[in-house]
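For reference, the structure is listed below as structure tokens.
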Amino acid sequence: MPTVHFTDAAGATTTINANTGDSVMETAVRNGVTAIVAECGGSLSCATCHVFVAETDLPSLEPMGEMEDEMLYGTAVDREDNSRLSCQIRLCEDQELHVTTPETQV
Amino acid sequence: MDTATVPSRAGADAPEAGTATGLLIIGASQSGVQLAISLRALGYTEHITLLGDEDHRPYQRPALSKEFLQDKVGSESLIFRTNDYWIEHNITLIKGERIESVDSNTDGSGIARGTSGTTYPYQRLALTVGARPRHLEAPGAELDGVVYLRNADDALRLKELAPATTDVVVVGGGFIGLEAASSLAAMGKRVTVLEYGQRLVGRAVGTETSEYFLTEHRKRGLDIRIGARIEQILDDGDRTVGGVRLEDGSELTAQIVLVGIGVIPNTELGEALGLEINNGIVVDAGALASDGTTIVVGDVANMPNPVPGAPAGERIRLESVNNAIEHAKVAAYSLMGRSEEYAGIPWFWSNQADMKLQIAGLSTGFESTVIRRDPDKGKFTVLYYRGGRIIAADAVNAPLDFMAVKQALAAGKSIDPERAADPATMLKSLIA
Ligand SMILES: Cc1cc2nc3c(=O)[nH]c(=O)nc-3n(C[C@H](O)[C@H](O)[C@H](O)COP(=O)(O)OP(=O)(O)OC[C@H]3O[C@@H](n4cnc5c(N)ncnc54)[C@H](O)[C@@H]3O)c2cc1C
Ligand code: FES
């Protein structure tokens, strides 16, 4: 079972056991992690599902597409090198991921 | 015999029989769900009952015409929240129950009655009842195979019919029609779109964007007929669709006729409560209806235009996820006794084939446009101006343009029209 650790801007961490194949965004939203808004429900249209991925976990992710890259320029909190849109990260079996959520998404 | 379905419950236990729920939310979709969630985020402590007539856990609609129709996402991905979420937040979720009448008192409390016969006493009421598809009026419209696309059952029905279908006629060249047409074409169907007006998506975009989609969809193989009117839907002999006849006498084969000709707001309960109705249930800037107590949010609400600087007194009804969410947040403040006026830049998206449209702002009342094209990259943006200032943009495959305009509008700034046409110049650098 994949596991995602969400740390909010104030440093509090919520750990959620996810379903293989779900996105990090779905995992967060369905379980009430409010720091991820995801207005468009994963359609890559809103940039309100921004997360910072722990440097050590970055190599385990598929590289991002051009659209995601462009969308990341429109996040509410400025992007960093480890920024991703969490609706575009699909979880593999037994993957363990650490992400930090920005202070605001809108 | 009583044919009503038995409502099913999930989430937190309801209050004991006879005890009023704090807030009864009728309509468990984008607006109703957001209202419940926002209230809990604000610290609302009363019990909440979130009730809807659909037999599904509350889900998101946008994918119904796009990824879900094409089997790119499963039904689980559309669900808003786990059952645990509702339990933990003291929200009772009732599915499969339709409210047929409400009686309210002057203090805003009252009793709602469901078609199952159950009554639901409440202290406060919220109507998030949305809208329903406008029905096609043509001979044959009642045939099996004539479908609409508003809810999950509609999408499931469409998916059930799809395997045995080779030809589809889509009536209506608006967002839903074009999205579904693109999805069905991607599923290997021959699709004809009939648009009775003079251009595509006439209600929501300007002529340049309409032209762009017409050209691009035709290039991708959709047969689009502008100005085409249906005279009759043809019966293949056993009460199912066999095709359509147009007013010009031509006939098209079809096993599915998908109708997307707009929606009608569900104002009936509002009317029964004596609320003011005018293209939706009329609300003030705090999402309160004319009785001063009933909360009304989302597709069903007719509200003051939320765009900062909009002409005073201008009213609007919006049909979008963004509006449902932002409007619900304002309503949650109202219920908490705080008055926050709804203000924001509306935005919208629509995915059609490989074209990703994002709209920022409202283009109604524009005086001029500036077009940015980057055909090599498949990018196309129309910027709308009024009084020399930007008011909206339609951006296709151009998220940077979309976000620059959204940012400019949110900051009350404009974008220099003289330089905006050059696709090599970043719009963001022109915000002033
Ligand atoms: C196929 C499709 C694709 C879309 N795509 C997009 C998109 O890409 N982007 C975007 O921004 N928007 C999109 N939308 C629009 C968006 O989904 C709506 O604006 C949004 O769902 C409105 O939410 P609502 O809760 O106000 O109303 P609704 O979603 O209509 O929900 C109202 C609910 O109330 C229930 N109800 C009504 N009357 C009663 C009653 N008397 N008793 C009990 N229950 C009742 C209804 O059955 C329904 O479940 C799309 C809509 C559809 C249908
Ligand atoms: S949920 Fe909208 S871009 Fe990720």
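Because the structure is a prediction, the values reported are computed rather than measured. Chain identifiers are assigned alphabetically (A, B, ...) following the order of the sequence lines, protein sequences preceding nucleic acid strands; residue numbering begins at 1 within each chain.
- Comment: Lys377(B) does not engage Glu66(A) in a salt bridge, judged by the lack of any side-chain N to carboxylate O separation of less than 4.0 angstrom.
- Remark: Cys40(A) SG to Trp347(B) CH2 distance equals 5.5 Å, nearest 0.5 Å.
- Counting non-hydrogen atoms of neighbouring residues, nucleotides and ligands closer than 6.0 angstrom, the CD atom of Glu96(A) exceeds 12 such neighbours.
- Once rounded to the nearest 0.5 Å, the distance linking OG of Ser77(B) with CE of Met25(A) reads 8.0 Å.
- Taking Asn19(A), Leu44(A), Thr34(A) one by one and counting their heavy-atom pairs under 4.5 Å with chain B, the maximum is reached by Leu44(A).
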Applying side-chain contact (heavy atoms from CB on, under 4.5 Å), run through Trp349(B) and Ser43(A) and close with a yes or a no. CA-CA 9 Å; Trp349(B) 82 95; Ser43(A) 184; 3.2 Å; yes
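- With rounding to the nearest 0.5 Å, the separation of CZ in Arg30(A) from CG in Asn83(B) is 12.0 Å.
- Only the side chain of Lys428(B) comes within less than 4.5 Å of a heavy atom of chain A; its backbone N, CA, C and O stay farther away.
- Remark: Asn17(A) CG is packed, more than 12 non-hydrogen atoms of other residues, nucleotides or ligands lying under 6.0 Å away.
- When the shell of 6.0 Å around CZ of Arg372(B) is examined, it contains more than 12 heavy atoms from other residues, nucleotides or ligands.
- A distance of 5.5 Å separates CE in Met67(A) from CG in Asn397(B), rounded to the nearest 0.5 Å.
- Interface residue Lys379(B): only side-chain heavy atoms are found under 4.5 Å from chain A.
- When heavy atoms are compared at a cutoff of 4.5 Å, Glu26(A) approaches chain B solely by way of its side chain, counted from C-beta outward.
- A 6.0 Å sphere centred on CE of Met426(B) holds no more than 12 heavy atoms belonging to other residues, nucleotides or ligands.
- Proximity to chain A (any heavy atom under 4.5 Å) is restricted, for Glu67(B), to the side chain, taken from C-beta onward.
- From Glu76(B), atom CD reaches atom CG of Asp22(A) across 8.0 Å, with rounding to the nearest 0.5 Å.
- For Phe80(B), the part sitting under 4.5 Å from any heavy atom of chain A is the backbone (N, CA, C, O) and nothing else.
- Rounding to the nearest 0.5 Å places CG of Asp84(B) at 8.0 Å from CG of Asn31(A).
- Using a 4.5 Å cut-off on side-chain heavy atoms (C-beta onward), Met403(B) and Met71(A) make contact.
- With a 4.5 Å cut-off on non-hydrogen atoms, Ser45(A) touches chain B through its backbone and its side chain both.
- The two residues Glu39(A) and Ile325(B) have their closest heavy-atom pair at CG-CD1, 3.5 Å.
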